[in-house]
Amino acid sequence: MPELPDVEVFRRYLASTSLHKKIDGVEAPGPRVLKGTSPSGLGRVLKGREFTSTRRHGKYLFVRADGGGGAKSLVLHFGMTGYLEYFEGGPGPGVDMDHARVVVDFSGGAHLVYIAPRQIGLVTWTGDEEGFIEEKGLGPDAMEIDRDGFVELMRGRRGDVKSALMDQSLIAGVGNIYSDEILFQSGVRPDAKAGDLGGKKLREVHRVMRRVLKAAVKARVDPERFPRGYLLPRRVEGAECPRCGGRVKTMKAVGRTAYYCPGCQKG
DNA sequence: AGTACCACCTGACGGC
DNA sequence: TGCCGTCAGGTGGTAC
């Protein structure tokens, strides 16, 4: 799940559970997700500190850890299957500890666990969040970029609009699922050329993008809670289009499967 | 600049 | 039941 809305939900979860607790130590039973650090390295950085604030940029989550020398932040990226669990005492029966990759132990017996069945994901630390974002080549966050900036970025692109929306160096946060939703609600086919859309349509895509991401966060990314008329809960080949009653179809775009409604998306 | 693959991992699912 | 191919919401690298 982890696109911008999912990561925003994780951020709020972490902020409501894990701030202002002393960190006793860190374990990394899945060290493959650690990049540029080691289990002991991460432990040395975090031990004795406490998380004080959170920040999301695109699909990355930064967690500021204060109480030691210099600024240090935990950096989390959730790959395709990652998420967080917090618990006090032992893990409940529903917690998938088999796939726990990083565990932060707080004094008093609470734990924050980064779980990722497929170890595609990233956990590290940085002393410079801005520098990290720059190194990764991330564009502005999809909820932060303004309308004119968005139109400028999209204009002059020769590739498919879907791949432009998903290009993290242009705009950070949109992935395969939400690009489908945004294009569906904008009435634009996934294989339309971004540069062919025109200013008016691009402004509409920008407005729809903001609305969709916001609604997804509000729905806590639960498809059942999405507003009516959303494609996401019907994102299945042959399903009934929630707007026109036609059939949802798929096509390949940038090596990914795009779901769309030929009846609603003609642009 | 854009695309087309491959790779990294694991699990679920359909077909035989 | 088992084996096999395919697919899955991520990014990063290479080669054309």
Side-chain angles (χ1 to χ4, degrees), chain A residues 1-10 28-36 56-61 75-84 96-102 114-124 132-139 141-142 152-184 190-197 209 212-213 215-217 219-224 226 230-239 248-260:
Chain A
M1 341 153 180
E3 298 183 33
L4 183 152
D6 310 86
V7 179
E8 179 61 20
V9 170
F10 299 156
R32 206 176 280 277
V33 299
L34 299 183
K35 304 285 157 61
R56 184 192 53 69
H57 186 100
K59 302 173 186 174
Y60 285 85
L61 177 55
V75 183
L76 303 171
H77 185 285
F78 298 91
M80 292 169 86
T81 59
Y83 60 97
L84 298 172
D96 181 15
M97 290 303 286
D98 287 352
H99 296 115
R101 308 306 184 189
V102 176
Y114 169 96
I115 297 173
R118 292 158 72 182
Q119 304 192 50
I120 299 174
L122 177 159
V123 177
T124 190
F132 183 92
I133 289 166
E134 198 168 317
E135 263 175 49
K136 285 284 170 187
L138 300 177
D141 184 79
E152 276 314 301
L153 281 179
M154 290 292 148
R155 195 170 257 163
R157 297 253 116 207
R158 298 155 59 71
D160 293 354
V161 62
K162 181 177 170 69
S163 76
L165 285 175
M166 290 172 55
D167 185 337
Q168 303 299 298
S169 70
L170 291 180
I171 315 160
V174 177
N176 198 23
I177 292 272
Y178 287 97
S179 60
D180 280 353
E181 186 68 55
I182 292 161
L183 293 172
F184 171 69
D191 58 355
K193 304 301 167 202
D196 289 348
L197 287 181
M209 174 176 80
V212 164
L213 296 175
V217 172
R220 281 165 283 161
V221 298
D222 178 353
E224 305 275 306
F226 275 63
Y230 271 58
L231 175 66
L232 228 125
R234 305 272 177 282
R235 196 173 172 276
V236 176
E237 173 131 49
V248 172
K249 291 189 61 174
T250 63
M251 71 164 86
K252 284 287 173 193
V254 217
R256 318 294 296 280
T257 304
Y259 291 76
Y260 71 108

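Numbers restart at 1 for each chain; the letters A, B, ... are given by sequence-line order, proteins then strands.
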So how far is it from K59(A) NZ to L4(A) CG, rounded to the nearest 0.5 Å?
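One gets 9.0 Å once the value is rounded to the nearest 0.5 Å.
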
Any idea which of [options] is nearest the [X] side chain?
| X | options | result |
| --- | --- | --- |
| D160(A) | dG10(C), dG2(B), dT3(B) | dT3(B) |
| H77(A) | dT10(B), dT11(C), dG9(C) | dT11(C) |
| M80(A) | dT3(B), dG9(C), dG11(B) | dG9(C) |
| S163(A) | dG10(C), dT3(B), dG9(C) | dT3(B) |
| N176(A) | dT3(B), dT10(B), dG10(C) | dG10(C) |
| M166(A) | dT10(B), dG9(C), dG10(C) | dG10(C) |
| T257(A) | dT10(B), dG10(C), dA8(C) | dA8(C) |

query = Quick one: side chain to side chain contact (heavy atoms under 4.5 Å, CB included) partners of D98(A), sequence neighbours excluded?
reply =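 Residues passing side chain to side chain contact (heavy atoms under 4.5 Å, CB included) with D98(A): D96(A).
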
All salt bridge (charged side-chain N to carboxylate O under 4.0 Å, His left out) counterparts of [X], not counting sequence neighbours:
| X | result |
| --- | --- |
| D141(A) | R56(A) |
| R234(A) | none |
| R155(A) | E152(A) |

Q. Stems in DNA chain C: runs of 3 or more consecutive Watson-Crick or G-U pairs, distances under 3.5 Å?
A.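 So far as stems of 3 or more pairs are concerned, DNA chain C shows B:2-8 with C:10-16, B:10-16 with C:2-8.
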
Report all interatomic pairs (protein N or O, nucleotide N or O of nucleotides 12-16 of chain C) with separations under 3.5 Å.
{"from": "dG12(C)", "atom 1": "OP1", "to": "K136(A)", "atom 2": "NZ", "distance (Å)": "3.2"}

| query | Taking only residues two or more places apart in sequence or in another chain, which ones pass side-chain hydrogen bond (donor to acceptor under 3.5 Å, both in side chains) with Q119(A)? | reply |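 Result, side-chain hydrogen bond (donor to acceptor under 3.5 Å, both in side chains) vs Q119(A): none returned.
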
**Report entry** Residues that K249(A) engages under side-chain hydrogen bond (donor to acceptor under 3.5 Å, both in side chains), provided they are two or more places apart
**Finding:**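 Per chain and number, K249(A) pairs via side-chain hydrogen bond (donor to acceptor under 3.5 Å, both in side chains) with no residue.
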
query: Can you find a donor-acceptor pair, distance only, under 3.5 Å between R118(A) side chain and dA8(C) base?
result: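 Looking at the base of dA8(C), it does pair with a donor or acceptor on the side chain of R118(A) (distance under 3.5 Å).
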
- Task: Using the P atom as the reference point in each nucleotide, state the distance between dG10(C) and dA1(B) in Å, no decimals.
- Result: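 Approximately 23 Å lies between the P atom of dG10(C) and that of dA1(B).
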
Check ring-ring contact (aromatic ring centres under 6.0 Å, His included) between Y114(A) and all other residues, then give those that pass, not counting sequence neighbours.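 F78(A).
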
